[in-house]
Amino acid sequence: MIYKSKRYQMDLKSANDTLQSVLKTCEKEPNTIPFDRLVFHNTVNSAYAKLCRYLSLGLLLFTILSPLTFKDPGFSVRNSGLIERIIVTDHELYEDRFVMHLNGSSIAYDDIYARKDDGNFVFPSEISEETGEIVFPYEGSNLNIYIPDLSGKVLHAILTANE
């Protein structure tokens, strides 16, 4: 089968005559702009619209895919030499306590503490170095938790109370 274009086309003179007769029938002023200029202007406008459409689709695609470039390392502290990290592997919030599970070989468990918004210190009520579990008493306020490692680096985690 031969493919035929289903688009209707007419020559410029016939199109100009049709436009003039429609304007005359509607009792409007006749067109004074040359018809080939109208067609060219329409072609330029449609090319500009296509360009804008492709640019906006490209920007939309870029916006949708841009979060894929960011890697979420989680809460961690890394040493520049041998990689020594403090990683918060899990946490649970109960009415009276906040439990964190840590993973890392160089955590200074004795130096872990938290501070409330008013500046008061909160120390862990339970620490298990074997399992990496730390339990802080929780009274419903924000806590800034500081977890140092043996090289002096500190992981700072923030627990915010929902109100």
Side-chain angles (χ1 to χ4, degrees), residues 3-9 19 28 31 33 35-163:
Y3 174 74
K4 288 186 175 182
S5 174
K6 294 183 179 180
R7 187 174 171 187
Y8 179 76
Q9 294 182 355
L19 175 65
K28 301 288 183 182
N31 181 29
I33 301 172
F35 196 76
D36 58 343
R37 184 177 292 179
L38 290 174
V39 171
F40 177 73
H41 192 314
N42 188 27
T43 304
V44 170
N45 284 344
S46 64
Y48 179 72
K50 274 185 185 178
L51 176 68
C52 289
R53 186 178 316 134
Y54 290 133
L55 281 175
S56 64
L57 286 174
L59 287 173
L60 179 65
L61 184 64
F62 175 74
T63 304
I64 290 171
L65 295 178
S66 65
L68 297 177
T69 62
F70 298 104
K71 180 182 174 193
D72 182 19
F75 296 122
S76 65
V77 172
R78 298 175 189 211
N79 194 353
S80 57
L82 296 171
I83 297 178
E84 299 174 14
R85 305 190 245 187
I86 301 172
I87 300 173
V88 178
T89 57
D90 196 13
H91 63 278
E92 296 98 21
L93 179 62
Y94 300 99
E95 294 223 2
D96 60 342
R97 68 189 185 281
F98 176 66
V99 181
M100 294 177 74
H101 299 276
L102 303 176
N103 188 4
S105 60
S106 63
I107 300 171
Y109 286 96
D110 294 333
D111 297 329
I112 295 173
Y113 66 96
R115 290 189 84 168
K116 294 182 181 179
D117 287 340
D118 60 4
N120 290 331
F121 287 91
V122 178
F123 295 98
S125 59
E126 297 176 32
I127 296 177
S128 172
E129 293 184 29
E130 295 81 28
T131 61
E133 184 176 278
I134 299 165
V135 179
F136 285 99
Y138 181 68
E139 300 169 358
S141 61
N142 298 339
L143 288 177
N144 287 302
I145 303 168
Y146 298 93
I147 306 167
D149 65 3
L150 297 175
S151 64
K153 295 181 181 177
V154 177
L155 173 66
H156 180 196
I158 300 173
L159 173 64
T160 305
N162 287 336
E163 296 177 10

To the nearest 0.5 angstrom, please state how far the [atom1] atom of [X] sits from the [atom2] atom of [Y].
{"X": "Asp117", "Y": "Asn144", "atom1": "CG", "atom2": "CG", "value": "6.5 Å"}
{"X": "Asp110", "Y": "Ile127", "atom1": "CG", "atom2": "CD1", "value": "6.5 Å"}
{"X": "Thr160", "Y": "Leu143", "atom1": "OG1", "atom2": "CG", "value": "9.5 Å"}
{"X": "Ile147", "Y": "Ile87", "atom1": "CD1", "atom2": "CD1", "value": "11.5 Å"}
{"X": "His156", "Y": "Ile158", "atom1": "NE2", "atom2": "CD1", "value": "4.5 Å"}
{"X": "Leu65", "Y": "Leu60", "atom1": "CG", "atom2": "CG", "value": "9.0 Å"}

Worked check of side-chain contact (heavy atoms from CB on, under 4.5 Å) between Phe98 and Ile145: CA-CA 11 Å; Phe98 176 66; Ile145 303 168; 3.6 Å; yes

When you compare the side chain of Tyr138 with that of Val122, does any pair of heavy atoms fall below 4.5 Å? no

Heavy-atom check, side chain of Ile107 versus side chain of Ile112, under 4.5 Å: yes

I need the minimum non-hydrogen distance between Pro148 and Asp111, along with the two atoms involved. CG-CB, 3.5 Å

Minimum heavy-atom distance between Tyr109 and Gly132, given as atom pair plus value: OH-CA, 3.6 Å

I'd like to know whether CZ of Phe62 has more than 12 heavy-atom contacts from other residues, nucleotides or ligands below 6.0 angstrom. no

Could I get the full list of ring pair (Phe, Tyr, Trp, His ring centres under 6.0 Å) partners for Tyr94, not counting sequence neighbours? none

Measure centre to centre between the rings of Phe121 and Tyr113, then say whether the value is under 6.0 Å. yes

Step by step, work out the salt bridge (Lys or Arg N to Asp or Glu O under 4.0 Å) result for Lys116 and Glu139. CA-CA 10 Å; Lys116 294 182 181 179; Glu139 300 169 358; 2.7 Å; yes

With Glu92 as reference, evaluate His101, Glu133, Arg97 under the side chain to side chain contact (heavy atoms under 4.5 Å, CB included) test and give the passing residue. His101

Tell me whether Ser106 contacts the main-chain N or O of Leu150 through its side chain, where contact means a donor paired with an acceptor under 3.5 Å. no

